[in-house]
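Let me begin by presenting the structure, written as structure tokens, before commenting on it.
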Number of protein chains: 2
Amino acid sequence: MNRPPVSIRDVASMAGVSVGTVSNVLNRPDIVADVTRRRVLDAIRDLGFVRNESARHLRAGHSRTIGLVVLDVANPFFTDVARGVEDSANDAGLAVILCNSDDDPAKESRYLDLLEEQRVQGILITPVTTTTHRLEHLRERGTPIVLLDRRATDDTQCSVAVNDVLGGELAVRHLLAQGHKHLAFVGGPFTIRQVQERQQGALQAMRAAGRDPGELHIVETSALNVAAGRDAAARLAGAMPRPTAVFCANDLLALGVLQEMTRRGVRIPHDVAIVGYDDIDFAAAAAVPLTSVRQPRHLLGRTAAELLIEEATEDSSHQHRQVVFDPELVVRDSSDRTIGRRPRHRRPSPEGAAATPHPA
Amino acid sequence: MNRPPVSIRDVASMAGVSVGTVSNVLNRPDIVADVTRRRVLDAIRDLGFVRNESARHLRAGHSRTIGLVVLDVANPFFTDVARGVEDSANDAGLAVILCNSDDDPAKESRYLDLLEEQRVQGILITPVTTTTHRLEHLRERGTPIVLLDRRATDDTQCSVAVNDVLGGELAVRHLLAQGHKHLAFVGGPFTIRQVQERQQGALQAMRAAGRDPGELHIVETSALNVAAGRDAAARLAGAMPRPTAVFCANDLLALGVLQEMTRRGVRIPHDVAIVGYDDIDFAAAAAVPLTSVRQPRHLLGRTAAELLIEEATEDSSHQHRQVVFDPELVVRDSSDRTIGRRPRHRRPSPEGAAATPHPA
DNA sequence: GAGTGGTGGTGAATCGTTTCAACGACCGCT
DNA sequence: AGCGGTCGTTGAAACGATTCACCACCACTC
């Protein structure tokens with residue numbers, strides 16, 4: 001079953017040429033004579049030869065992979081970003097090693113070690129902590145780094161981000177326009193830059209509307225997932241005055257809040273309006289279709305990867321850039337107070353109703 | 001900025017020892033004298049030395065990574081499986097290269113090439129096609145392969161799967177028990193084994209209930225995502241007789257069907273009942289909480305990775321195994337006909353209602 | 001004082017590929 | 001015949017880490 005590994009040397013001896021010629025067939029087929037090339041290719045096929053990337057990289061000094069470190073692969077936001085990255089990388093003939101830091105500095109650090117040992121061409125990362133210390137070292141040692149979904153504080157590196165402050169502003173401005181007086185912000189941990197900035201945008205919108213930012217009821221969560229959203233909703237239920245509008249730092253939280261509120265008999269949006277962030281696919285398919293702040297996720301990943309590849313391959317003339325995209329608000333039922341005043345089903349299907357009449 | 005790369009040789013000369021000693025410090029620190037070890041470690045720190053994995057692997061003959069090829073990373077089913085794989089791999093000190101075949105044989109093939117060139121220790125894969133040809137070659141050349149979410153047809157390899165036939169049976173048995181007469185199955189493409197088997201289970205349940213399997217209305221989709229589900233619902237809308245119950249091959253399809261049906265004014269579950277498959281997190285948070293067939297996703301990934309690692313590291317005494325988990329049905333509103341006969345909100349929140357009275 | 005054993009360290013060979021200077025064969029030209 | 005120029009191929013030297021046979025040294029023992 002386990003045949004001995006076949007190397008370029010075996011191919012060479014089978015084809016009756018030198019290893020250099022085999023290498024030429026693989027890398028510069030045009031400079032090899034037709035007959036020879038055919039003989040070598042036949043040998044490769046017959047032996048089932050497969051190049052050893054480790055050996056190539058050892059020689060070349062760098063590998064043909066890039067690293068992508070995200071906070072949570074289970075979050076659709078990041079899977080879409082990852083697809084964007086993958087597309088760019090594929091175009092450049094690079095593979096992507098996807099790592100999941102789980103917002104855990106230790107895990108992030110382990111993955112960075114691993115990527116550096118793999119001599120990846122560069123790293124795309126949404127860093128866990130605010131300490132850029134570790135990343136600076138990496139950069140000093142020659143690994144290009146592009147910050148993902150996080151703006152660089154200086155211009156010594158590239159970054160691709162979405163204006164989260166603006167996103168927070170859009171959300172809260174919308175809720176204020178709907179006439180809400182008691183607003184809450186759900187998000188955390190606050191060590192995550194995106195959470196901070198979305199909250200900051202929310203506060204700015206309050207100020208801009210002449211409201212006291214201190215009125216914004218803040219609920220800090222321990223993570224950005226559905227379970228944490230449910231917890232937050234449970235805590236909100238006891239708050240006085242009870243907020244009538246909740247802006248969540250991402251859609252998973254918002255879905256959790258929505259679920260738990262509904263379970264407790266709170267009607268959305270009549271009793272409480274909810275706005276999420278990211279506009280993941282499931283936002284539109286939620287129990288109450290979710291108003292959300294949409295980010296160009298795929299484009300974010302694509303652009304970041306392109307910048308990284310440029311930095312990694314360009315002849316040292318690379319100009320660092322800070323790309324910032326603007327998000328947009330997508331209004332759906334979860335924050336739309338006009339709902340309920342109009343019929344829920346605008347286009348009832350007569351045949352459907354006829355097939356199985358409503359039991360009530 | 002770009003310092004020259006520092007190798008084990010540089011460390012050796014700085015510490016005034018041979019390269020062999022540096023290697024010993026890294027790999028067998030106990031056999032090196034204390035003073036020497038400290039001198040070497042200091043040099044490593046001062047120079048910022050990082051091991052070159054390519055070189056290690058070249059020598060070792062194999063890398064410390066495994067490959068994971070899934071049909072779609074954006075599908076929560078696979079991200080959960082991937083997390084299980086990652087956990088196992090981490091425990092064994094291995095890295096995971098996550099690849100996305102997008103159900104495209106060409107893409108799958110490219111990734112398999114890449115993984116083989118990387119000399120991964122093994123590959124976990126949910127294969128696109130029914131042709132196991134390519135995989136057999138890989139196995140012959142010494143790369144262990146474990147089939148994921150797909151049962152092996154022979155015992156020359158390991159596989160970890162969930163009994164999809166049983167899952168299909170559970171779903172349809174449940175729908176029949178609810179008194180439905182006109183059932184539909186939505187899924188595709190049928191080249192995907194899981195789709196086939198779930199359908200087969202559905203047919204078996206029909207037969208077991210003394211119904212003609214030919215009555216099951218089949219709608220083939222081009223993919224297993226939300227958009228394909230919407231399309232399927234549009235096609236179902238025109239069907240005669242209009243099915244009153246739909247079993248979908250996965251939750252994404254079911255969510256799509258749910259969305260499109262609702263848009264058309266079809267009430268779920270009163271007019272049409274829906275059952276999905278996978279029980280992803282969003283199933284419970286859907287517009288109408290979705291009845292679904294739950295699979296042990298994380299466990300699936302963990303187990304598969306453990307089998308692979310065992311096969312890759314064990315001293316050739318490896319026994320191939322076919323692990324099959326049983327799925328379970330989780331009944332929620334989308335298929336529960338008793339709904340609507342009872343109040344929608346069992347525990348109405350008085351203070352919530354008081355804060356913002358229902359406009360109606 | 002020759003042998004034995006243990007400790008700590010060395011240095012060269014090795015993994016599989018790429019690269020490049022060098023070489024032989026052949027051709028055409030003077 | 002001699003020279004220069006292509007063309008195709010060769011062979012050996014890298015790349016960086018690991019491994020292993022071997023050596024130097026010291027401490028003991030009989």
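Per chain, numbering begins at 1; letters A, B, ... match sequence-line order.
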### Between C1' of D/dC15 and CG of B/D10, the distance in whole Å
13 Å
### Task
Under the side chain to side chain contact (heavy atoms under 4.5 Å, CB included) rule, what do B/R119 and A/S54 come out as? Steps first, then yes or no, please.
CA-CA 8 Å; B/R119 295 290 190 274; A/S54 289; 5.5 Å; no
### Between P of C/dG8 and CZ of B/R38, the distance in whole Å
13 Å
### Query
To the nearest angstrom, how far is A/Q118 atom CD from D/dG16 atom C1'?
15 Å
### Message
Taking side chain to side chain contact (heavy atoms under 4.5 Å, CB included) as the definition, give me every residue that meets it alongside A/N75, ordered by chain and number, with sequence neighbours left out.
### Response
A/D72, A/F77, A/F78, A/N250, A/L252, A/D278
### Query
A/L58 has an atom CG; how far is it from atom P of D/dA17, in whole Å?
9 Å
#### Entry: B/R56/B/E53 salt bridge by N-O under 4.0 Å criterion
yes
### Task
Please indicate whether B/R37 has more than 12 foreign heavy atoms, meaning atoms of other residues, nucleotides or ligands, lying under 6.0 Å from its CZ.
yes
### Task
For each nucleotide in nucleotides 17-24 of chain C, reading 5' to 3', give B when a protein heavy atom comes within less than 4.0 Å of its base, S when such contact involves only the sugar-phosphate, and - otherwise.
BBB-----
### Task
For the pair B/D113 and B/R110, find out whether any cationic side-chain nitrogen is under 4.0 Å from an anionic carboxylate oxygen.
no
### Summary
When rounded to whole Å, the CG to P distance for the pair B/D34 and C/dG8 reads 9 Å
### Query
Near B/D155 CG, under 6.0 Å, is it more than 12 heavy atoms from other residues, nucleotides or ligands?
no
